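Structure record follows, encoded as structure tokens.
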Amino acid sequence: MIKIIDSFMGRIGRVIGLPTDPLKMFLTFLLSYPFCAILKRFPDSQPIYKQLFCLGVSTFYLLGIFNLWDGLQTLLISSLGTYALAKYIKSPLMPWIVFLFLMGHLTINNVERYFNPLWDSQVDITGAQMVLVMKLSAFGWNIHDGRRPPAELSSIQKDRALTTFPPILDYLTYVFFFPSLLIGPSFDYAEFRRWLDLTMFDIESTAQQPTNGKARKVRKRKIPRSGRVAARKAVEGVFWIGLWIALGRVFSPKYILSDEFLEHRFLYRILYLWPLGCYYRLKYYGAWSLTEGACILSGLSYNGIDPVTNKRKWDRVKNIDPYRFETGQNTYTLLETWNMNTNKWLKTYVYLRVTPKGKKPGFSSTLITFITSAFWHGVSPGYYLTFVTGAFMQSTGRAARRYIRPFFLTADLSQAGPNKIYYDVFTYIGTQLTMAYAVQPFVFLTLSDSIKAWRAVYFYIHIVLFTMTALFSSKSVTKQIELLLAARTKSASKLEQLRFEIEKARAKRAPSDLVDREAVVEVVHEPSLGIPDNDIEESVEAIQMDLAELKSDLEQFKKRTTMAGGNARPRLSERKV
């Protein structure tokens with residue numbers, strides 16, 4: 001079977017100019033669609049057929065297509081080791097032991113890959129192992145949460161907690177769920193179990209089912225129809241892959257390392273990195289769109305009914321939003337829409353878990369999350385160069401929104417001013433150029449090539465980032481900006497003036513003075529690439545989070561005013577901060 005597939009894919013590869021292994025990866029994505037169509041047609045009352053089918057297809061992918069016998073062994077070591085640790089260790093340290101076991105195993109393989117690299121065209125098991133680290137570390141926490149009193153859990157922890165230990169066959173099916181085996185998306189065991197026993201679909205009535213505005217009275221299977229939605233995702237994925245192949249004849253990473261590239265003007269060089277960065281992303285757009293479509297077809301992506309449109313939502317395991325990424329005008333938006341399930345994992349199972357109970361996540365939580373994200377990706381220097389640059393990107397972005405953006409809003413800071421369009425255009429171009437610059441080491445990986453790529457554009461983004469960091473770190477500069485902003489708000493209403501003062505004080509106030517632990521869990525932003533962002537952002541979700549936090553601050557402010565005596569409002573300098 002392997003020789004037949006290699007021969008067939010080799011002939012196709014020679015025609016379109018691609019190596020065999022990437023084509024075989026693309027083949028598994030496409031094969032998942034007919035396999036998922038078969039999967040959802042097994043009897044609802046006999047889940048064992050679905051389980052055996054999933055295990056069989058995944059085995060075929062690993063051994064029949066890629067001949068990854070060592071890879072299968074690697075996945076079994078991680079999965080069976082986690083299963084044993086979670087079952088027999090009753091200590092509260094169990095999820096941390098599981099996490100260290102999984103990350104240690106992955107790091108060993110990453111180090112091996114670093115010192116004994118494969119050809120760029122070859123596929124190894126580390127991609128699938130990275131997905132498994134997310135799934136199984138979450139599994140360890142879910143088992144731990146199932147042993148804790150419900151009163152100690154947040155809403156998301158209650159939803160994912162496992163009060164009974166799963167049978168080994170259910171667990172292995174979760175591990176080797178073939179639509180997401182090789183590159184994700186990741187999801188929690190509780191979600192998979194609800195798909196397997198069909199409780200995920202209990203929200204729908206069998207008498208009146210929403211199906212894109214149409215109603216059906218009878219349904220043979222409990223899993224809703226999703227063929228059209230999945231087909232659209234498949235077409236989208238094929239489009240991105242086709243565009244990636246076509247642009248591969250135009251753009252080349254190695255070109256920016258050549259002497260010929262240096263002969264061009266500086267403006268040409270920095271602008272060349274922008275479409276080059278887009279080219280890098282296209283294969284991820286394609287791969288993640290295809291795997292998401294397969295998960296939609298299987299039914300796993302089902303996410304309830306939209307109460308407004310009465311249509312089914314199929315975004316449970318959505319991993320990428322190309323449109324929002326390519327039109328994003330701040331770093332938060334870009335990272336929020338990239339590899340979404342990894343960001344959820346970093347938030348739920350790293351960032352919040354390392355935060356002491358009763359405390360608000362701070363620098364230590366950020367640092368641990370950053371290190372985790374870096375080690376999860378690998379040990380190549382290029383990853384760390386990109387991550388460290390990303391940290392400066394987010395910090396300077398926060399400063400720009402805090403000290404520059406208000407000048408382009410109305411006096412009460414509630415609406416866009418007449419010149420806001422200029423701010424939007426400038427931040428869009430700046431964000432996209434900065435991201436294109438920052439991702440180059442992520443592609444080259446080696447220290448020498450990464451530095452050479454940045455040297456070709458004179459490290460201009462780092463110069464800008466370090467200059468902005470120095471300026472906004474200066475108390476004299478920020479004080480002058482705050483005075484100018486305060487002057488602009490004098491014409492605002494008393495309520496808006498109060499809001500402005502509270503937002504300035506909130507950044508300086510002790511975490512314990514803000515909100516309790518549960519409120520923090522509900523309003524904190526997700527970390528992206530290991531770097532969380534807690535400021536107001538230009539996205540609906542972030543604004544909603546900020547309003548919730550502002551409401552809590554207003555209540556705290558009213559309490560302090562009452563305790564101060566009478567109706568007199570204490571000056572900002574007199575309040576405890």
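Here the structure is a predicted model, which means the values were calculated and not measured. Numbers for residues simply follow the sequence, beginning at 1.
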- Query: Just wondering, do Met200 and Arg316 contact through their side chains at under 4.5 Å, heavy atoms?
  - Reply: yes
- Task: Kindly determine whether Asn343 and Glu336 satisfy side-chain hydrogen bond (donor to acceptor under 3.5 Å, both in side chains), including the steps that lead there.
- Result: CA-CA 7 Å; Asn343 289 336; Glu336 181 192 42; over 6 Å; no
- Query: At what distance, to the nearest 0.5 angstrom, does CG of Leu85 lie from CG of Leu93?
  - Reply: 12.5 Å
- Query: Are the side chain of Thr431 and the backbone of Gln329 linked by a donor-acceptor contact shorter than 3.5 Å?
  - Reply: yes
- Item | ring-ring contact (aromatic ring centres under 6.0 Å, His included) evaluation trace for Phe60 with Phe178 | CA-CA 10 Å; Phe60 169 67; Phe178 66 86; over 10 Å; no
- Item | Tyr255: ring pair (Phe, Tyr, Trp, His ring centres under 6.0 Å) partners, not counting sequence neighbours | Phe261, Tyr272
- Item | Check: Ser155 main-chain N/O paired with Asp159 side-chain donor or acceptor under 3.5 Å | no
- State, to 0.1 Å, how close Ala86 and Arg147 come at their nearest heavy-atom pair, and which atoms those are. O-NH2, 2.6 Å
- Task: Kindly write out the residues that satisfy side chain to side chain donor-acceptor pair (under 3.5 Å) with Asp306, not counting sequence neighbours, or none if the list is empty.
- Result: none
- SB check Arg194 Asp197 (cutoff 4.0 Å): no
- Message: Is any side-chain heavy atom of Ile77 closer than 4.5 Å to one of Thr74?
- Response: no
- Who passes side chain to side chain donor-acceptor pair (under 3.5 Å) against Asp315, sequence neighbours left out? Asn303
- Query: Mind checking whether Thr337 and Phe325 have side chains closer than 4.5 Å, heavy atoms only?
  - Reply: yes
- Query: Has the side chain of Thr386 got a donor or acceptor atom that lies under 3.5 Å from a matching backbone atom of Gly382?
  - Reply: yes
- Considering only heavy atoms from C-beta outward, does the side chain of Trp274 approach that of Met435 to under 4.5 Å? no
For residues 291-298, dump all side-chain donor-acceptor pairs below 3.5 Å to protein atoms at least two apart in sequence or in another chain.
residue	atom	partner	partner atom	Å
Thr291	OG1	Ala287	O	3.2
Thr291	OG1	Trp288	O	3.1
Ser298	OG	Cys295	O	2.8
Ser298	OG	Leu300	N	3.3

- Task: Before accepting this row, confirm whether a basic side-chain N of the pair Lys135/Asp188 lies closer than 4.0 Å to the acidic partner's carboxylate O.
- Result: no
- Note on the structure: Those residues at least two apart in sequence (or on a different chain) that pass ring pair (Phe, Tyr, Trp, His ring centres under 6.0 Å) with Tyr189 are Phe139, Tyr174
- Query: Is the Trp195-Phe177 ring centre distance short of 6.0 angstrom?
  - Reply: yes
- Look only at the side chain of Asp44 and the backbone of Lys222, and say whether a donor-acceptor pair between them is shorter than 3.5 Å. yes
- Task: Please lay out, stage by stage, how Tyr284 and Trp338 fare under the test ring-ring contact (aromatic ring centres under 6.0 Å, His included).
- Result: CA-CA 10 Å; Tyr284 295 101; Trp338 177 266; 5.6 Å; yes
- Message: Restricting to side chain to side chain donor-acceptor pair (under 3.5 Å), what partner residues turn up for Tyr302, sequence neighbours left out?
- Response: Glu204
- Any donor-acceptor N/O pair, Lys24 side chain to Ile65 backbone, under 3.5 Å: yes
- Message: The test is side-chain hydrogen bond (donor to acceptor under 3.5 Å, both in side chains); show your working for Asn330 and Thr333 and say whether it passes.
- Response: CA-CA 6 Å; Asn330 56 63; Thr333 300; 2.9 Å; yes
- Item | Side-chain touch Leu72/Phe176, heavy atoms, less than 4.5 angstrom | yes
- How long is the span from the CG atom in Leu80 to the CD1 atom in Ile168, to the nearest 0.5 Å? 5.5 Å
- Results of side-chain contact (heavy atoms from CB on, under 4.5 Å) for Arg11 - residues two or more places apart only: Ser7, Phe8, Arg14
- Task: Compute whether any side-chain donor of one residue and acceptor of the other, for Ser226 and Lys40, lie under 3.5 angstrom apart.
- Result: yes
- Met134 and Asn341: which non-hydrogen atoms are nearest, and at how many Å? SD-O, 4.4 Å
- Message: Take a 6.0 Å sphere around CZ of Phe375 and say whether it holds more than 12 heavy atoms from other residues, nucleotides or ligands.
- Response: no
- Hey, does the side chain of Ser180 reach the backbone of Ser186 with a donor-acceptor pair shorter than 3.5 angstrom? no
- Item | Any side-chain donor near an acceptor of the partner, Asn67 and Trp69, under 3.5 Å | yes
- Contacts of Glu326 meeting salt bridge (Lys or Arg N to Asp or Glu O under 4.0 Å) (sequence neighbours excluded), chain-then-number -> Arg281
- Query: Taking atom types as modelled and ignoring hydrogens, do the side chains of Thr199 and Asp202 form a donor-acceptor contact shorter than 3.5 angstrom?
  - Reply: no
- Query: Of all heavy-atom pairs between Phe251 and Leu276, which one has the smallest distance, and what is that distance?
  - Reply: CB-CD1, 3.9 Å
- Task: Mind jotting down which residue pairs meet the side-chain hydrogen bond (donor to acceptor under 3.5 Å, both in side chains) criterion with at least one end in residues 53-63? Sequence neighbours excluded, please.
- Result: Ser32-Tyr61
- Message: Run Phe35 and Cys54 through side-chain contact (heavy atoms from CB on, under 4.5 Å) and show every step you take.
- Response: CA-CA 9 Å; Phe35 283 146; Cys54 284; over 6 Å; no
- Scan side-chain atoms only and decide if Glu236 and Tyr285 contain a donor-acceptor pair under the 3.5 Å cut-off. no
- Item | Phe53 side chain near Lys50 side chain, heavy-atom distance below 4.5 Å | no
- Task: Measure from the side-chain N and O atoms of Gln432 to the backbone N and O of Gly328, and report whether any donor-acceptor pair falls under 3.5 Å.
- Result: yes
- Test side-chain contact (heavy atoms from CB on, under 4.5 Å) applied to Trp345 and Thr372, step by step: CA-CA 11 Å; Trp345 170 68; Thr372 300; 4.1 Å; yes
- Query: Heavy-atom distance under 4.5 Å between the side chains of Pro441 and Pro381, does that happen here?
  - Reply: no
- Exercise: do Trp376 and Thr342 side chains pair donor with acceptor under 3.5 Å: no
- The reported gap from OG in Ser137 to OH in Tyr349 (rounded to nearest 0.5 angstrom) is 8.0 Å
- Taking only residues two or more places apart in sequence or in another chain, which ones pass ring pair (Phe, Tyr, Trp, His ring centres under 6.0 Å) with Phe239? none
- Task: Kindly give the heavy-atom pair with the smallest separation between Leu75 and Leu62, and that separation in Å.
- Result: CD1-CD1, 4.1 Å
- Item | Validation row: Tyr171, Leu136 side chains within 4.5 angstrom (heavy atoms) | yes
- Under 3.5 Å donor-acceptor, Thr28 side chain and Met25 backbone: yes
- Query: Looking at Lys318 and Asp321, what are the two nearest heavy atoms and their distance?
  - Reply: NZ-OD2, 3.8 Å
- Item | For the student: nearest non-hydrogen atoms of Met103 and Val133, plus distance | SD-CG1, 3.8 Å
- Query: Tell me, which pairs form a side-chain hydrogen bond (donor to acceptor under 3.5 Å, both in side chains) where one or both residues lie in residues 75-91, sequence neighbours left out?
  - Reply: Ser78-His105
- With sequence neighbours left out, write down each residue that passes side chain to side chain donor-acceptor pair (under 3.5 Å) with Arg148, or none if nothing qualifies. Asp145
